[in-house]
Amino acid sequence: MSLRPDNRLLDAPMQPVTCDTCQGQVEVRKSSWEQTSIQWHDDAVERCVERRAASPRPGPNGATFQGCEALRRTVATLAVGGDLDVQSEESDA
Amino acid sequence: MTGTETTHEPEVRAIESDGAPARYARGWHCLGLEKDFADREPHQVLAFGQKLVVFAGSDGVVHVLDAFCRHMGGDLSQGTVKGDEIACPFHDWRWGGDGRCKQIPYARRVPLRARTASWPTLVQDGMLFIWNDPEGKAPPADVTIPRIPGVEDPEWTDWVWYTTVIEGANCREIVDNVVDMAHFFYVHYSFPTYFKNVFEGHTATQFMNGVGREDLVRPGSSGRKSQHATGNSSVATYHGPSFMIDDLVYHYADGVDVPSTLINCHYPIDGNSFVLQYGVIVKKLPGLADEQADAMARKMGDFIRLGFEQDVEIWRTKARIDNPLLCEEDGPVYQLRRWYEQFYVDAAEVQPEMTERFEFEIDTTRPTEAWKREVEENIAAGRTALSAARKPAGQHA
């Protein structure tokens with residue numbers, strides 16, 4: 001199957017973000033203040049300090065790393081400072 | 001409509017589909033509970049566009065072979081287990097679990113080339129898995145199914161297991177569910193309030209928290225309030241293309257948490273049908289008799305069955321769509337399919353973007369507002385979520 005592009009990314013693409021803590025480079029998109037998409041790459045995963053320090057959560061799916069708080073803070077700071085777009089306009093419909 | 005084109009009007013959106021894939025996913029597929037194959041009878045399994053035979057030899061080891069005898073094409077699934085081998089009903093050729101013909105009772109020797117296809121198997125936590133790989137390679141050591149702690153723990157129930165054949169849909173439909181937050185409200189009567197996906201390597205995870213739906217309980221029903229779940233927390237991961245473990249905790253009004261583990265797995269019959277299986281184990285509450293705990297697991301399973309039946313109704317009539325039109329409150333359908341694609345290309349063709357970590361957290365503000373309103377409307381109208389979902393009689397075909 002040929003993979004199609006996400007129609008939402010056509011309207012507003014992911015933007016590069018560098019983590020304040022580990023300098024890992026990822027791409028981020030925020031459709032609203034509460035929504036976040038993060039595309040990691042293998043080198044950023046390897047750099048991530050929290051991920052290295054994380055121990056698995058209990059349970060059969062505990063190996064999945066839920067997310068990095070330092071990166072979350074970086075993204076929030078950029079969004080609040082206007083350095084990362086937040087697509088939050090409401091439609092009238 | 002006037003037919004006059006205006007520049008403001010967007011074009012009609014076309015639904016695109018390349019059709020079901022020409023091959024089957026590489027990975028571990030669960031065929032069901034091992035005990036259901038352990039009776040030393042041959043079991044026919046239609047999977048991956050083929051007919052397979054599953055049988056346990058006298059040593060108790062379960063084997064999976066192509067069902068058609070390489071001699072004259074007899075169907076081994078209609079044969080007999082003799083010793084550790086499956087005997088063909090046509091001429092009694094004896095096939096071992098390794099795919100080699102061990103004996104032909106009426107022949108001096110077995111011909112060279114007497115080898116059929118065999119599938120690598122794994123028996124773990126009561127379930128039987130087979131490894132499918134169109135390239136015919138062995139399963140890599142790092143592609144595994146995690147152990148489930150509750151199984152064989154006396155504090156947990158045994159598996160309550162369900163099997164159902166889905167016709168008229170490719171198995172991608174069920175995999176899509178892992179990112180589809182809104183359908184959990186509309187199809188499964190749950191109320192998600194937190195929803196996040198993480199894809200990485202061969203795993204795809206859904207973190208979901210929800211609240212209980214007050215329109216699920218029929219007003220005036222005899223159930224005690226403390227027995228209604230007020231919320232749930234779930235971490236559900238696909239380990240490979242077809243096997244999901246859902247670590248699910250229901251929270252109750254009296255402060256009691258009930259941990260459970262849910263399996264949601266499938267294997268393709270062909271490009272347009274698949275076998276869906278799901279199973280539940282529940283941690284027994286202190287003071288609850290085993291039968292009560294089993295009944296609780298069964299009740300939970302029956303509720304899940306109801307949800308899947310609703311899914312099936314959707315799949316039966318929906319279009320396969322490769323270009324879904326998403327709103328911002330939808331999950332990462334495209335990125336999920338990019339992840340899923342890794343199982344449909346040769347191992348050497350897996351691209352970094354298929355396996356690199358991707359996170360997507362949904363903003364649940366607007367869905368929560370809308371769904372609260374809908375639940376309130378149902379309650380005000382004396383409807384339950386189930387009766388509201390039922391079609392008016394006139395719309396039945």
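Hydrogens, waters and symmetry mates are skipped; everything else that's a heavy atom, side chains included, is used. Proteins come first, then strands; the chains are lettered A, B, ... in the order of their sequence lines, and each starts at number 1. Only a predicted model underlies this, so the values are computations on that prediction, with no experimental measurement involved.
Between B:Asp18 and B:Arg320 there is no salt bridge, since no side-chain N of the basic residue sits under 4.0 Å from a carboxylate O of the acidic one. A:Arg51 has a carboxylate O that lies under 4.0 Å from a charged side-chain N of B:Glu200, or vice versa, which qualifies the two as a salt bridge. With respect to the salt-bridge test (charged N to carboxylate O, under 4.0 angstrom), the residues B:Asp346 and B:Arg23 qualify.
For B:Gln335, the part sitting under 4.5 Å from any heavy atom of chain A is the side chain, from C-beta outward, and nothing else. With a threshold of 4.5 angstrom between heavy atoms, B:Glu361 approaches chain A through its backbone and through its side chain. With a 4.5 angstrom heavy-atom cutoff, B:Pro352 does not touch chain A via any of its atoms. When heavy atoms are compared at a cutoff of 4.5 Å, B:Arg338 approaches chain A by way of both its backbone and its side chain. Within the 4.5 angstrom heavy-atom criterion, only backbone atoms of B:Pro324 (N, CA, C, O) approach chain A. Contact of B:Ala22 with chain A is not made at all, since no heavy-atom distance falls under 4.5 Å. Looking at A:Glu27, neither its backbone nor its side chain comes within 4.5 Å of chain B, counting heavy atoms on both sides. Neither the backbone nor the side chain of B:Asn197 comes within contact range of chain A; no heavy atom of the residue lies under 4.5 Å from a heavy atom of that chain.
Looking only at distances, a side-chain donor or acceptor of A:Asn61 sits under 3.5 Å from a matching main-chain atom of B:Ile245.
Each of B:Tyr238, B:Phe129, B:Tyr278 was evaluated against B:Phe243; a single residue qualifies, B:Phe129, per the ring-ring contact (aromatic ring centres under 6.0 Å, His included) test. Checked against B:His29 for a ring-ring contact (aromatic ring centres under 6.0 Å, His included), the options B:Phe48, B:Phe343, B:Tyr24 give a single hit: B:Phe48. Each of B:Asn232, B:Asp257, B:Asn209 was checked for a side chain to side chain donor-acceptor pair (under 3.5 Å) with B:His251, and the lone residue meeting it is B:Asp257.
Among B:Asp330, B:Thr203, B:Thr364, the residue with the largest count of heavy-atom pairs under 4.5 Å with chain A is B:Asp330. Of the listed residues A:His41, A:Arg57, A:Gln66, the one with more heavy-atom pairs under 4.5 angstrom with chain B than any other is A:Gln66. Per-residue heavy-atom pair counts under 4.5 Å with chain A were compared for B:Ile362, B:Leu325, B:Thr355, B:Ile148, and the maximum is reached by B:Leu325. When each of A:Val45, A:Thr64, A:Ile38 is scored by its heavy-atom pairs under 4.5 Å with chain B, the top score falls to A:Ile38.
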* List the steps, then state whether side-chain contact (heavy atoms from CB on, under 4.5 Å) holds for B:Trp28 with B:Cys265. => CA-CA 10 Å; B:Trp28 287 111; B:Cys265 62; over 6 Å; no
